[in-house]
Amino acid sequence: MAFLVRTRYAPSPSGTLHVGGARTALFSYLFAKHHRGQFIVRVEDTDQTRLVSGSEGSLMRSLAALGILWDEGPDVGGPFGPYRQSERLSQHQQYAAQLLQEGKAYRCYCTPEELDATRKARQAEGLPPRYMGTCRNLSSDDPIHGSGKPYVLRLKVPLSGVTVVDDLIRGQVTFDNKILDDFVIMKTNGTPTYNFAVVIDDWAMRITHVIRAEEHLSNTPKQMLVYEALGFALPQFAHIPMVLAPDHTKLSKRHGATAVEEYQAQGILPQALVNYLMLLGWSAPDGREFMTVKEAEELFTLDRVQHTAAVYDQKKLEWMNAQYLKQLPVSAVRDAVKPFVEQMGVSWGHGPSLESGVQLVRERARTLKDLAEGMRFLWQSPTQYDTKGVVKHFSHPEVVRRLQALATMLRELPADKWEHDSLAAAFDTLATQLEIKRAELIHPCRLALTGQTVGPGLFELVAVLGQQETVTRLVNVVVMLQDEGHELPTF
RNA sequence: GACCCCAUGGUCUAGAGGCCUAGGACAUCACCCUUUCAAGGUGGUAACCCGGGUUCGAAUCCCGGUGGGGUCACCA
């Protein structure tokens, strides 16, 4: 192995993990692991004003939930720390001082108000809003230096020439230095700006491949100029396409759920989410769509990454989640759905097991929430009945007599016959006796037991519900239907 | 507006000059299965942005246009 690949994900702790961020982290991770390299998490918390407490932990938890595991990071440390940008401040300052001393950077005393004014004036004239270099040529003995006036440090950007970004997925991208202005590297408060700090951090952490979203492509020439000024060797760059909302704009809160946490709360399995995410802008060479992170590690290469932004599609995510719900071991689904069942406030300790419920309804659930909701009737007898269903299945004059007969028959069924095939046979027998179609027994029965017209096949449902509970619910409905003055509660 | 990136069905994509009558998946429609709803099965509708080149031949290469996205902060 020629050299060790090291990639990083560098979120700012100002919120939760966004699906776009998760996808960036995932690609970075997969690239590193494909090359048997290391993946690092660094927290970019330079701007303390944007800090959201708890954000760092939440970010890290979401990454871990998706199976994106870091070799080095703020929690586990590592040989190239610190892993929080704010903790590297002295180093940033030291390099800034060096650039100042070498004449590659200079102090700028312009106030934000002045800058803003010229920016607006230039924009009004239709000119690019750039810094004009007012303080670039201040002589070193200019009295302003000792005046105590606040200043920032700006990098002296070459007035001519070009900066070429060699991007691993886009090839060579050329930027004219003339369009770059002398950007700020150290703020008035003595902290570094992003474009300065990121260079020092990546270099100090021996990052070999900077893989990040395309929105950073335009920043890259600035950073390259910093690398050059500092005399640092350049890493490789790869800018991956963005993830867009269905309306083709940047994904934001107004598009509904965007955070990994929110998806989990909706009942999307992390396995499904990460699988869906890897398909956003990348495809496996053999075209397969179902993969674990581990499998993707073997398959992932940058040359198969799309150049176009991907539009995020909730429907496909849910479809994929449904596939996982169907294919995962029952025990895994049971563990995943448990909190959702508990959240419904249903006591599932008695009666059918969670496993049997999962097996019964997982075929028709798209999310864990659906699944939990679909299992509710197992532990909670219906308090309301589907309106249309009542009209359709409870209005026949014979229905009470039929349900009564059904209850009686089921009560007398030997316990060892309480399974799918025997139940089906029993229903057949009764239907023949009553000279009706089996369906005329099935539909009212389902409605009586679950309050709904949709759900699992009746015989497997009854088998799981159990004899006593089934009979009880049937009898209850019979009593309610018999009571002329009583209106059946519907929804 | 300037600069940069991009361009295959509604969406995710396959495609690296002839294998393309453009393949797969989601979504959608129809049918089948069926005790409902799903699931599953089968089939269908639906795309190479436009215009010029290059070439015997272009979805694939080049140029222009158009469209979309991104960046232009003492945010990251």
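The structure presented is a predicted model; accordingly, all values stated were derived computationally and were not measured. Below, chains carry the letters A, B, ... as their sequence lines are ordered, and counting in each starts from 1.
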Student: Counting the atoms with a prime plus P, OP1 and OP2 as sugar-phosphate, which does A:Tyr276 contact under 4.0 Å by heavy atoms, base, sugar-phosphate, or nothing?
Tutor: nothing
Student: Rounded to the nearest angstrom, tell me the gap between atom NE2 in A:His307 and atom P in B:C5.
Tutor: 12 Å
Student: Whom does B:C31 pair with, Watson-Crick or G-U wobble, provided both distances fall under 3.5 Å?
Tutor: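 Answer to the pairing question: B:G41, which forms a Watson-Crick or G-U pair with B:C31.
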Student: Taking the C1' atom in each of B:C48 and B:U21, what is the distance between them to the nearest angstrom?
Tutor: 14 Å
Student: Applying a 4.0 Å non-hydrogen cut-off, can you work out what A:Gln323 is touching in the nucleic acid: base, sugar-phosphate, or nothing?
Tutor: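 Here A:Gln323 touches the backbone only, sparing every base.
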Student: OP1 or OP2 of B:C12 versus the side-chain N and O atoms of A:Arg23: is any pair under 4.0 Å?
Tutor: no
Student: Identify all pairs in which a protein N or O lies below 3.5 Å from an N or O of nucleotides 28-34 of chain B, and state each distance.
Tutor:
none

Student: Classify every nucleotide of nucleotides 62-76 of chain B by which part a protein heavy atom approaches to under 4.0 Å, writing B for the base, S for the sugar-phosphate alone and - for neither, in 5'-to-3' order.
Tutor: -------BBS-SBBB
Student: Remember a base hit wins even if backbone is also touched, and classify A:Ser14 as base, sugar-phosphate or nothing at under 4.0 Å, heavy atoms.
Tutor: nothing
Student: Can you tell whether the side chains of A:Lys326 and A:Glu363 come within less than 4.0 Å, N to carboxylate O?
Tutor: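 Result for this pair is no, no salt bridge flagged.
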Student: Separation of A:Asp303 atom CG from B:G15 atom C1', in whole Å?
Tutor: 14 Å
Student: Please measure how far the P atom in B:G67 lies from the corresponding atom in B:A30, and state the result in whole Å.
Tutor: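 Taking atom P in both B:G67 and B:A30, they lie 37 Å apart.
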Student: Reckon A:Gln306 touches a base, only the sugar-phosphate, or nothing at all at heavy-atom distances under 4.0 Å?
Tutor: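 Answer is sugar-phosphate: A:Gln306 comes under 4.0 Å of backbone atoms only.
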Student: Using a 3.5 Å cut-off and no angle test, enumerate the donor-acceptor pairs between side-chain atoms of residues 157-166 of chain A and protein atoms at least two apart in sequence or in another chain.
Tutor:
unit_1	atom_1	unit_2	atom_2	d
A:Thr163	OG1	A:Asn177	OD1	2.6

Student: When the C1' atoms of B:A22 and B:G65 are compared, how many Å lie between them, rounded to an integer?
Tutor: 25 Å
Student: Distance check, P atoms only: B:U13 and B:U35, in whole angstrom units.
Tutor: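 Per the computed distance, 42 Å lies between those P atoms.
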Student: Could you work out the separation of B:U60 and B:G9 based on their P atoms and round it to a whole Å?
Tutor: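 It works out to 14 Å between them.
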Student: For nucleotides B:U28 and B:U34, find the distance between their P atoms and express it as a whole number of Å.
Tutor: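 24 Å, rounded to whole Å.
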Student: Cationic tip of A:Arg107 within the cone over A:Tyr109's six-membered ring, i.e. under 6.0 Å and within 45° of the normal?
Tutor: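 Judged by the rule (NZ or CZ under 6.0 Å from the ring centre, within 45° of its axis), A:Arg107 is not positioned above A:Tyr109.
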Student: Run the salt-bridge test on A:Lys156 and A:Asp182 with the 4.0 Å N-O cut-off and return the result as yes or no.
Tutor: no
Student: Counting the atoms with a prime plus P, OP1 and OP2 as sugar-phosphate, which does A:Lys326 contact under 4.0 Å by heavy atoms, base, sugar-phosphate, or nothing?
Tutor: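 Sugar-phosphate, no base atom in range.
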Student: Rounding to the closest angstrom, what is the interatomic distance between B:G17 and B:C62 at atom P?
Tutor: 12 Å
Student: Whether A:Arg8 engages the ring of A:Phe39 as a cation-pi pair (distance to the six-membered ring centre under 6.0 angstrom, angle to the ring normal within 45°) should be assessed.
Tutor: no
Student: Pull out every residue in residues 445-456 of chain A that has a heavy atom closer than 4.0 Å to any atom of RNA chain B, ordered by number, or say none.
Tutor: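 The answer is A:Arg446, A:Thr453, A:Val454, A:Gly455, A:Pro456.
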Student: When you compare B:G23 with B:G15, how far apart are their C1' atoms, in angstrom units rounded to a whole number?
Tutor: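 Roughly 9 Å separates the two C1' atoms.
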Student: Tell me, yes or no, whether the heavy-atom count around A:Lys149 atom NZ, taken from other residues, nucleotides or ligands under 6.0 Å, exceeds 12.
Tutor: yes
Student: Just call it for A:Arg362: base, sugar-phosphate, or nothing, with non-hydrogen atoms closer than 4.0 Å on any strand.
Tutor: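 A:Arg362: no heavy atom of the nucleic acid under 4.0 Å.
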Student: Going 5' to 3' through nucleotides 45-50 of chain B, assign each nucleotide B (protein heavy atom under 4.0 Å from a base atom), S (under 4.0 Å only from sugar-phosphate atoms) or - (no protein heavy atom that close).
Tutor: ------
Student: Which residues, if any, of residues 280-288 of chain A bring a heavy atom under 4.0 Å of RNA chain B?
Tutor: A:Leu280, A:Gly281, A:Ser283
